[in-house]
Peer 1: 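A single structure is presented below for examination.
By convention in this document, chain letters (A, B, ...) are assigned in the order of the sequence lines, proteins followed by strands, and residues within each chain are numbered from 1.
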Amino acid sequence: MTDYAPLIPIIIVALSAAAAMLAEAFRQEGERMPIAGLGLIGLAGAAAASVFLWNSWTDQTPDAFGVIRADNFALFINIILCIVGVLTMLFSHEIVEREHIPPGEYYALTLFAICGMMMMAAATDLLVIFIALEILSLSVYVLTAIRRDSAAGAEAGFKYFLLGAFSSAFFLYGIAFTFALSSAMQFDGVAGSTGLDDVARMFRVQSIDTPQTLKLLAVGLLAVGFAFKVSAVPFHMWTPDAYEGAPTIVTAFMSTGVKAAAFAAFVRVFLWPLEPMQAEWVPVLSVIAAATMILGTVVGVVQTNVKRMLAYSSIAHAGYLMLGIIANSPTNANGKAAVLFYLLTYAVSNLGALGIVALLGTAQHQHDELRDFAGLARSRPGLAALMTVFLLSLGGFPPLAGFIGKWYIFSAAVQEQYYWLAIIGVLTSVVSVFFYLRIVVMMYMTEGADVVRPRVPATAMAGLALATAAVFYLGVLPTEVLGLALDSFEGIF
Amino acid sequence: MTSFILTFITFFPLAGALLVMLAGGRGDRHDREPLVRWLALGVSLVTFAATLYLWSQFDPTSAEYQFTQEYWWMQQFGIRYFVGVDGISLFLIVLTGFLTPLALLSSWESVHKNVKLFSFMLLALETAMIGVFVSIDLFLFYVFWDAMLIPMYFLIGIWGYERRVYAAVKFILYTMAGSVLMLIAIIGLAWTHAAATGTPSFSLTDLYEVGGTLSDSTQMWFFLAFALAFAIKVPLFPFHTWLPDAHVEAPTAGSVILAGVLLKMGTYGLLRFAFPLFPQAALDFAPVLAVLAVIGIIYGALVAMVQPDMKKLVAYSSVSHLGFVVLGLTAMNIQGVQGSVYQMLNHGVSTGGLFMLVGMLSDRRHTRLISEYGGLKGVAPRLVAAFLLVTLSSIALPGLNGFVGEFLILIGAFRWNATLTAFAATGVILSAVYMLWMFQRVNYGPITNEKNRNLPDLTPREWALMVPTIAMAIFMGVFPGVFLRPMEPSVNRVVERVTGNQPRQVHSKPTPINSSTAERRAPSADSRRPDLQLGREGK
């Protein structure tokens, strides 16, 4: 019989999304409704369920419908996604009002996107990963263009949709090749079977029925699909436009949430069924990772729009994260665990930084140009200080979360003797410090005109406080979380 | 026995910094300024008192780390909170404690913009600096090393002079570029330890064992990564270009700390990490470092000579003086290293003093150009007297602190390589040239600028800056043994580790200084002959 437990977190979030839609239907014109609260309840419930399910998975546990698995890895990602969701909800309350974003649609889509992300992390079947990918992508496409009065938003949404659909096609093509070889979608099939009836076995077995060329094609197409979603070079083109055009709060959400989900599936597919092909894909991914780190930072340097700058920084961070996938061996879980830990540090730091950008914007004025930050330290010393903390964390300064994240990634790379990638990684992070500091220079060292900046509501302050606490906690006392990240792979793959 | 004194000294300034932030109230409140200033000064004085207490409790006969404290931080990666102090780091900690209150005091009247944040940054910087000196775990060391950049960046960038932003960004990028490669080498070392013993470790005491077992090429790359980070910090020629910018643009307090403590971290790092971790590579590269150091000594002095700006002159003089320190280290004998450590302290006191004096003049006239001054002796005789004493201390007049350090370094270096030392010795003369020439143009002769006619003499606050500085300069010049004796066992141990433990192979490649390396390779009994240890002379 099927065990439904793995579905619980996903179902809870889906229910809260449905509730948000219902609430919108009953909302009077102009009425303020705390819909974000529904989302918070759902996300808290999902987080609690994930904590409850922790360590419950064994290799005897059947997957729900044979395709959804709540192992610790999926649960860790679930918790990252819940943190992303909670912070987004806390920031959104005021912003949605201010920027005239339709609240019901906004919250429902955000929550559905989180559903898709959770599903993507938990799926053990290629087709389910694809479905999850589409759930989250469609939600995010719409979220990008949710401000109907914004031409930039519409343009960004359309671009994102076209390129995203394109990449989905690649991914689907990869699935098709895999299916052609193994006539299976599931990673592990019936125990004791000797045929090629699951994906993992198909890639492991050398046989006349599974020509190497077709295998390579399948791996390559799947890699392209993932590279699009994590915005790795040369498939990163959509990122700056989509990030710049979307409402800032949506940028904050998708830069962290989508990245976490895409990397979760990336890790699961490439380090489990595709692991036997490691010798083939590691060189390709290494070059992609190096190019991603370099391009993301170098192009980031010349940006004058903060959202665009953080988009390029997000590209660079994708490069660092790929190091974790490359630096992997059967006896060493540090690379995989580093990806998990890094996703968490990146989520809290980036959401914090983009959250502040979003909180300072209004419907008329986005507050996303570098010069908009001039003199922020004088008019809003608290926000400027927090922004500095988040940016320094993104840049990888101790004692903040980003430093431990980067150290762990590079440490894993060095452990597996990828010195050259680690060196590119550290040097590009020095370059990235340059552009993060440009914002700090604006805030602290440049006199600004007296612009009226909107007030920051208490809920958003709570969100910022949470993110800051996380950034310091992960930076100073990372032991616990590092241990959990390592445990996530205990006996899984 | 676990002692919390080091943890207290390290984190008390940070706690004080947070307190200052609370006491300052919301925003930039001018009515709270005195409270903030006195509170910050109080915190730094308590820290200084604690460092003096540390010194009084220090066992000068031991080469071991003292007052150690060791806890797991991230056990699965072999990372510890591991602090301790030996004869080398002890005085650098005391120096940091000594200079921070002076730095706060030196900006009493010149800094008015957001005093709260200024005090916060200086105190946070003190925590990071002391943290660098007490860390025995390399990961912990790196955390402090990198964290230190942020407050310094803000100090230069917010409270500096015209081109402050450029200087601040250059400072942070330059320093980081070197140190991230060191991070890779640190990680590499830890995994090497894991390969040898099964568990990674970042503890210096464990890694000393690993470093020597590395293959020659690995040792070389790791050494270069460490050496680059430290060479940039020192700064060694040709990595010095960030220094003049940072010094000139930094506020007085920033310059004092930068010259007084931050530069020492480079030489301290070479002595504590780069040399003993990779003894073979260190001995191979010592000639290169020494040549760069001598180039730095002469180049820095020549460039200093032609500077129209006093602050820039002092900045280049630092390049020259730190060249001596590196030269003493590369000699790797007891006199050279002891002289180097002593010279680090001297330079902190005398250059710190010079920057304070330049700050006083620029507070009065808002210019640092030498040509704007002249004939100050008749206007402000007490200031000029202080200026003279600090100048003499900087050019190493016997009886003042600089002399002991430079003399020891030259002895040590001479025993290693006479040719290089001869070149280096010209730096002693050149330093007299540029310092005295500057002194003469600023203070003697007729008053050429009417604006100087009514310059006030030392204020009580400035007395409070100058008296401890000059007293320290004289004390260190007359009683060097007080400082040299406690550091001797630790210095001995480093020298032995670098030169002694390694079976030296004779290299077929002739190096220009090959003739004198033979002596260095075999540390003879000579190097421990008591009569050569100047430490005893002052007694």
Peer 1: Less than 6.0 angstrom separating the ring centers of Phe278(B) and Phe226(B), yes or no?
Peer 2: yes
Peer 1: Does Ser135(B) reach the main-chain N or O of Asp137(B) with its side chain, forming a donor-acceptor pair under 3.5 Å?
Peer 2: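 Not a single qualifying donor-acceptor pair exists.
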Peer 1: What part of Leu392(A) lies closer than 4.5 angstrom to a heavy atom of chain B: side chain, backbone, both or neither?
Peer 2: side chain
Peer 1: So which part of Phe403(A) gets closer than 4.5 Å to some heavy atom of chain B, the side chain, the backbone, both or neither?
Peer 2: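 The side chain, not the backbone.
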Peer 1: Is a donor on one side and an acceptor on the other found under 3.5 Å between the side chain of His193(B) and the backbone of Phe202(B)?
Peer 2: no
Peer 1: Heavy-atom distance under 4.5 Å to chain A: side chain of Ile158(B), backbone, both or neither?
Peer 2: both
Peer 1: Looking only at the aromatic ring of each residue, does the gap between the centers of Trp407(A) and Phe341(A) stay below 6.0 angstrom?
Peer 2: no
Peer 1: Which one of Phe410(A), Phe434(A), Tyr444(A) has the most heavy-atom pairs closer than 4.5 Å to chain B?
Peer 2: Tyr444(A)
Peer 1: Run the side chain to side chain donor-acceptor pair (under 3.5 Å) check on Tyr81(B) and Thr7(B) step by step: do they pass?
Peer 2: CA-CA 10 Å; Tyr81(B) 174 78; Thr7(B) 303; 3.0 Å; yes
Peer 1: Below 4.5 Å from any heavy atom of chain A, which atoms of Tyr153(B) appear? Answer side chain, backbone, both or neither.
Peer 2: both
Peer 1: Could you tell me whether Phe273(B) and Phe141(B) have their ring centroids closer than 6.0 angstrom?
Peer 2: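 Ring-ring flag for Phe273(B)/Phe141(B): true, centres closer than 6.0 Å.
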Peer 1: Side chain from CB out, backbone as N, CA, C, O: work out which of these in Trp73(B) comes under 4.5 Å of a heavy atom of chain A, or both, or neither.
Peer 2: both
Peer 1: Can you tell me which portion of Thr446(A) sits under 4.5 Å from chain B's heavy atoms? Options are side chain, backbone, both or neither.
Peer 2: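 It is neither, since no heavy atom gets under 4.5 Å.
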Peer 1: Among residues 469-476 of chain A, which residues come closer than 4.5 Å to chain B, judged by heavy atom distances?
Peer 2: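 At a heavy-atom separation under 4.5 Å, chain B is reached by Gly475(A), Val476(A).
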Peer 1: For Ile356(A) and Leu383(A), which heavy atoms make the closest approach, and how far apart are they?
Peer 2: CD1-O, 3.8 Å
Peer 1: Are the aromatic ring centres of Phe8(B) and Phe4(B) under 6.0 angstrom apart?
Peer 2: no
Peer 1: Strictly under 6.0 Å, is that where the ring centroids of Tyr408(A) and Tyr342(A) end up?
Peer 2: no
Peer 1: Which of the residues Trp72(B), Phe154(B), Phe77(B) is involved in the greatest number of heavy-atom pairs with chain A at under 4.5 angstrom?
Peer 2: Phe77(B)
Peer 1: With only heavy atoms counted, which part of Ile186(B) is less than 4.5 Å from chain A, the side chain, the backbone, both or neither?
Peer 2: neither
Peer 1: Using non-hydrogen atoms and a 4.5 Å limit, figure out which bit of Val169(B) sits close to chain A: side chain, backbone, both or neither.
Peer 2: side chain
